[in-house]
Amino acid sequence: MTTPDARPTVPLRWLDDVAPSRLPGGVTWGSPLPRGRVASTDALRLSEVGGGLVAAQFWPLATWPDGSLKWVGAALGATDRPGDYEIVVDDSAAPANPIRVDVRRGAAELTLDTGPLQIEFDLPGAPGDGAAVIRRMRRGDAVVAEHIHLVSLVQHEWADDGETAPRHRYRSRVRAVEVEQEGPVRAVVRVEGVHRQTAGDREWLPFTVRVVATAGSDRLRLVHSVVWDGRAERDFLAGLGLRAEVPLRAPLHDRHVRVAGADGGIFAEAVRGVTGLRRDPGHEVRAAQIAGRATPPLDTWDPAVADRLHLVPAWADLTLTQLSADGFAIRKRTAPGHAWIDAGAGTRADGLVSLTDTGGGYGVGVRSFWQSHPGQLDVRGATGDRATVTAWLHSPEAPPMDMRFYHDGLGQDDYASQLDALEITYEDYEPGFGDAHGVARTHELTLFGYGATPATADLADDVVQLQRPPLLQPTPAHLHGAGVFGDWAPVDRSTPARAEIEDSLDFLLEHYLGQVDQRRWYGFWNYGDVMHAYDLDRHVWRYDVGGYAWDNSELSPDLWLWYSYLRTGRADVFRFAEAMTRHTGEVDVYHLGRWAGLGSRHNVQHWGCSAKQLRISSPIYRRIFHYLTADERVGDLLRELRHSDERFLDTDPTRKVRPDAATYRPDRGALAVGLGTDWGALAATWLTDWERTGDAWSRDRLLGTMADIGALPHGFLTGEALYDLDTGRFDTRRDRVAVSHLSAVFGLVEVCSELIDLVEVPGFASAWEQYCRLYLATAAEQEAAVGRPLTGIHLEQAHSRLAAHAAARTGDASLAALAWQAFEGMGEWLLHRRDLRRTRVLPPHVLNPVDEVPSISTNDAAQYGLAAIQNLALIGHLLPRGGDEDEPV
């Protein structure tokens, strides 16, 4: 970052620390700017480090309260020579001339032109069946793919014991096409629709597909999101995919199928192969076919082959199935009605298939393909004039999705029995609440428009770009210097004690990164989540025990990962956090129906818990990813929550344990809202909406409730306030003291840290400081302050960061000592488990025995990580250093 008197410069780095060898798809990212420094994106330029300006596109993502730019989205077009870049403020320099994405509108169609690729869309109401998400992809005069549409299969009976049930076919029905962003470097088209039965009129599975086109690029990025809105007892989704029709022109021996295998391997074959025959067509013929080039004219071949070419089988169909995280199979056949032949197998396919000839062709890749199993890639009809290529996001060869609740209720028909069950399985059950209706799933795909059959080396690079897309990012130092996301600081190992804590943080990250793969936390609905707690006897995570199974953001592992990335810049941590953001924002949150805007607490099934709460759907878990990537789909998720306070009208989050039901009177405007998990989520919602859109409604609710908390007799210690939905304000007369150990561990600390630095609201900072000072105080200190000792004090180590906040604000060294003392207990706990890591655990009942670390639950890891990160940032200078006998401990 430059000095305050100079114009801001944003230093950028590649996520993987090295510039890619080429950038065929361009890159999009987000960057923060310091408060009050830049008023408009018109002043921003992208420059090569040590070089000249580069064509780029900028747009606002968020603003500071004074109206200056806080976050900007940025895009760089396709280039064969990517380098190192920085964003500079220089409105005196003319921007570089880009290769443009041209957007042309007609009465019934929309066309994007990136240069190499032309993409045509039908507008709703245009002639045709209305199924096409993309009508046509061209390279010049050659059509490489058309009628690109979604397909699905549904069965209405569950077939046990290997039996089959009838399946009904559906395909997309487009209802809206909108240009969301229009160049010059990047254009985005949003397509919305539903799946419609091909032999009926039922419509379901609403979807959104964003098509992202970049200047100079021969490929499209697709972000596909689908909402499951079925009936769990009747709708078993048996297949979900994207299908394209591919025109073919060349002879069968010049048509080529390419499929990405594992670890960079490519399955590459011609539709009609001429290698391995009893007679040799000639070296040049064989070499050309293997390379994917046009073979020499037939009259130059050995006649023993040329005259008998029709006797060589041609393979019309090919399928790759990835039904688990550990195995894929490839098979092919000559035509329907004939046997499938095994063609190859491996472990983890990279999810790309292409069908091309000498005039070009089409490819499609699915990011996180094997991680999101069961997946499938199909080529059908490659011997005809028009083939189809389908990327299945859920394979029709896998068992259908079973969204039914996993048990019969076990007699838990009233709140008393449900609360009793919490004491044994930690599951919060309620009849009808384990419903998946309204959860969603997002996939990222890339469509390739090839001008010819790609060389194997180029295709292998396409696979790398698909699965690990290049990403520009601000440096940790710049992110910290810009003052975004509250209390954190880049990694600092300057003292032995700091180094020890940093080593512990690395240990926890490595542990969880390793557990994802060891425990195979993969699958269509599961990828991106982690388990909550560990079973020491079985040496497995408690995948089948009530509320101990999938974590669903419990105690904020999302934030632990994102703050870990902010300070380290580690690519592996970013991608772990990215997968979690995709999962928790889609699968663990409802997007339509009764609980739209709410998330589900941890459970054996992601949607199984009856605790539907804002603490899970909170934007605090998604906004960091959105701002770092400018991702539009996550922008949708943030926007969905604007009016999530309305959910309190029908779903009281504490209905089972509320002793004073009279305080919760929606008919009288008395909605009881907790000042911890509830208000923390609402504050994050309103803050994010205000800074993204400038919306006055969100601003007023945020600032108004902040002022009300400051005016309450006991501030945050009140625990719960009565909220008027119409005015968006709290009743400040409520006079009580109630504390929950969960209040501050679902993003409240992070959002309060941001708000106190962002705006001045009378009484708010003092109310938060009081809460932070008293939570770990002695009973006598608490009684002196509020008239009685506080109850419900748990997770002391995690709350050490509250004392650290109060110490940093007041300069009270005794509070800093208290914070480090509370944190120390967790540090000793972690050191013990690091020592246990050296012991190999090999019980015979462990499926994949490896080094185990008993009892590091997600709660422990996330709260140790967040406490360490914030304590180091706030009072790291008062950390007992250790290491030398003369240093204080």
Side-chain angles (χ1 to χ4, degrees), residues 109 116-122 127-129 131-151 169 171-172 198 218 220 241-259 267-274 285 288-289 292-299 301 305-306 308-320 331-338 340-341 343 352-364 377-392 447-454:
E109 67 179 12
L117 204 60
Q118 296 78 47
I119 309 101
E120 302 170 9
F121 300 85
D122 285 328
D129 61 10
V133 174
I134 299 173
R135 182 178 71 188
R136 188 172 292 119
M137 290 173 57
R138 295 180 179 271
R139 283 191 68 121
D141 294 332
V143 175
V144 296
E146 53 190 349
H147 199 57
I148 301 172
H149 61 286
L150 296 167
V151 292
R169 298 179 182 273
R171 63 179 177 178
S172 48
T198 56
D218 63 354
L220 301 173
L242 181 76
R243 178 169 293 162
E245 297 177 5
V246 182
L248 296 167
R249 297 155 286 266
L252 301 186
H253 55 270
D254 281 339
R255 302 180 183 185
H256 298 274
V257 177
R258 302 283 190 262
V259 182
F267 177 92
E269 291 195 354
V271 170
R272 172 176 278 154
V274 296
V285 176
Q289 188 178 74
R293 303 189 306 268
T295 56
L298 273 177
D299 58 13
W301 295 25
V305 176
R308 297 180 175 88
L309 198 57
H310 62 287
L311 299 174
V312 178
W315 302 91
D317 302 338
L318 179 138
T319 286
L320 179 147
R331 64 187 193 277
K332 62 182 185 179
R333 69 180 180 183
T334 56
H338 296 278
W340 288 94
I341 304 300
L352 187 151
V353 61
S354 69
L355 176 62
T356 55
D357 61 20
T358 53
Y362 169 81
V364 58
L377 303 173
D378 285 349
V379 174
R380 298 289 185 268
T383 54
D385 295 335
R386 180 178 295 269
T388 63
V389 174
T390 307
W392 291 99
L447 309 187
F448 301 85
Y450 292 116
T453 299

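What you are looking at is a predicted structure, and each value in this text was computed from that prediction instead of being measured. All residue numbers refer to positions in the sequence shown, counting from 1.
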| request: Before giving the answer on side-chain contact (heavy atoms from CB on, under 4.5 Å), spell out for Val364 and Val353 the whole-Å C-alpha distance, their side-chain angles and the decisive distance to 0.1 Å. | output: CA-CA 6 Å; Val364 58; Val353 61; 3.7 Å; yes
| query | Okay, side chain of Arg139, backbone of Gly449: is any donor-acceptor separation there less than 3.5 Å? | reply | yes
| field | Pairs flagged by salt bridge (charged side-chain N to carboxylate O under 4.0 Å, His left out) wherever residues 378-387 is involved - sequence neighbours left out | value | Glu146-Arg386, Glu245-Arg386, Asp378-Arg380
| said: I'd like to know whether CZ of Arg169 has more than 12 heavy-atom contacts from other residues, nucleotides or ligands below 6.0 angstrom. | reply: no
| Ala250 and Arg255: which non-hydrogen atoms are nearest, and at how many Å? | O-NE, 2.8 Å
| message | Please report the interatomic distance CD1(Ile119) to CG(Leu447), rounded to the nearest 0.5 Å. | response | 9.5 Å
| query | Is Val285 close to Val305 at the side-chain level, that is, under 4.5 Å between some pair of heavy atoms? | reply | no
| query | Between the main-chain N or O of Pro251 and the side-chain N or O of His253, is there a donor-acceptor pair closer than 3.5 Å? | reply | no
| Distance (rounded to the nearest 0.5 Å) between Glu120 CD and Glu109 CD | 6.0 Å
| query | Ignoring hydrogens and geometry, is there a side-chain-to-backbone donor-acceptor pair from Gln289 to Val274 under 3.5 Å? | reply | yes
| query | Given the rule in the side-chain contact (heavy atoms from CB on, under 4.5 Å) test, do Arg272 and Leu309 qualify, once you have shown the distances and angles that lead to the verdict? | reply | CA-CA 9 Å; Arg272 172 176 278 154; Leu309 198 57; 3.9 Å; yes
| What are the two closest heavy atoms between Thr383 and Ala316, and how far apart are they? | OG1-CB, 3.5 Å
| task | Please step through side-chain contact (heavy atoms from CB on, under 4.5 Å) for the pair Arg171 and Arg243, ending with a clear verdict. | result | CA-CA 10 Å; Arg171 63 179 177 178; Arg243 178 169 293 162; over 6 Å; no
| Say you draw a straight line from NE2 of His338 to CH2 of Trp315; how long is it, rounded to the nearest 0.5 Å? | 10.5 Å
| Heavy-atom closest pair, residues Pro296 and Ala288 | CD-CB, 4.4 Å
| Would a distance-only check, ignoring hydrogens and angles, find a side-chain to backbone donor-acceptor pair under 3.5 Å from Arg136 to Val143? | no
| Among all residues two or more places apart in sequence or in another chain, which pass the ring pair (Phe, Tyr, Trp, His ring centres under 6.0 Å) test with Tyr450? | Phe448
| message | One pair to check against side-chain contact (heavy atoms from CB on, under 4.5 Å): Tyr362 and Ile148. What are the steps and the verdict? | response | CA-CA 11 Å; Tyr362 169 81; Ile148 301 172; 4.3 Å; yes
| note | Of all heavy-atom pairs linking Asp122 and Pro127, the shortest is OD2-O, 4.5 Å
| said: For a 4.5 angstrom cut-off between non-hydrogen side-chain atoms, does Asp129 reach His147? | reply: yes
| Hey, does the side chain of Asp357 reach the backbone of Leu248 with a donor-acceptor pair shorter than 3.5 angstrom? | no
| field | Flag, side chain of Asp317 to backbone of Thr334, donor-acceptor distance under 3.5 Å | value | no
| Taking all non-hydrogen atoms of both residues, which atom of Leu355 and which atom of Ala387 are closest, and how far apart? | CD2-CB, 3.4 Å
| query | Is Leu318 close to Phe267 at the side-chain level, that is, under 4.5 Å between some pair of heavy atoms? | reply | yes
| So which heavy atom on Ser172 is nearest to which on Val133, and how close? | OG-CG2, 4.2 Å
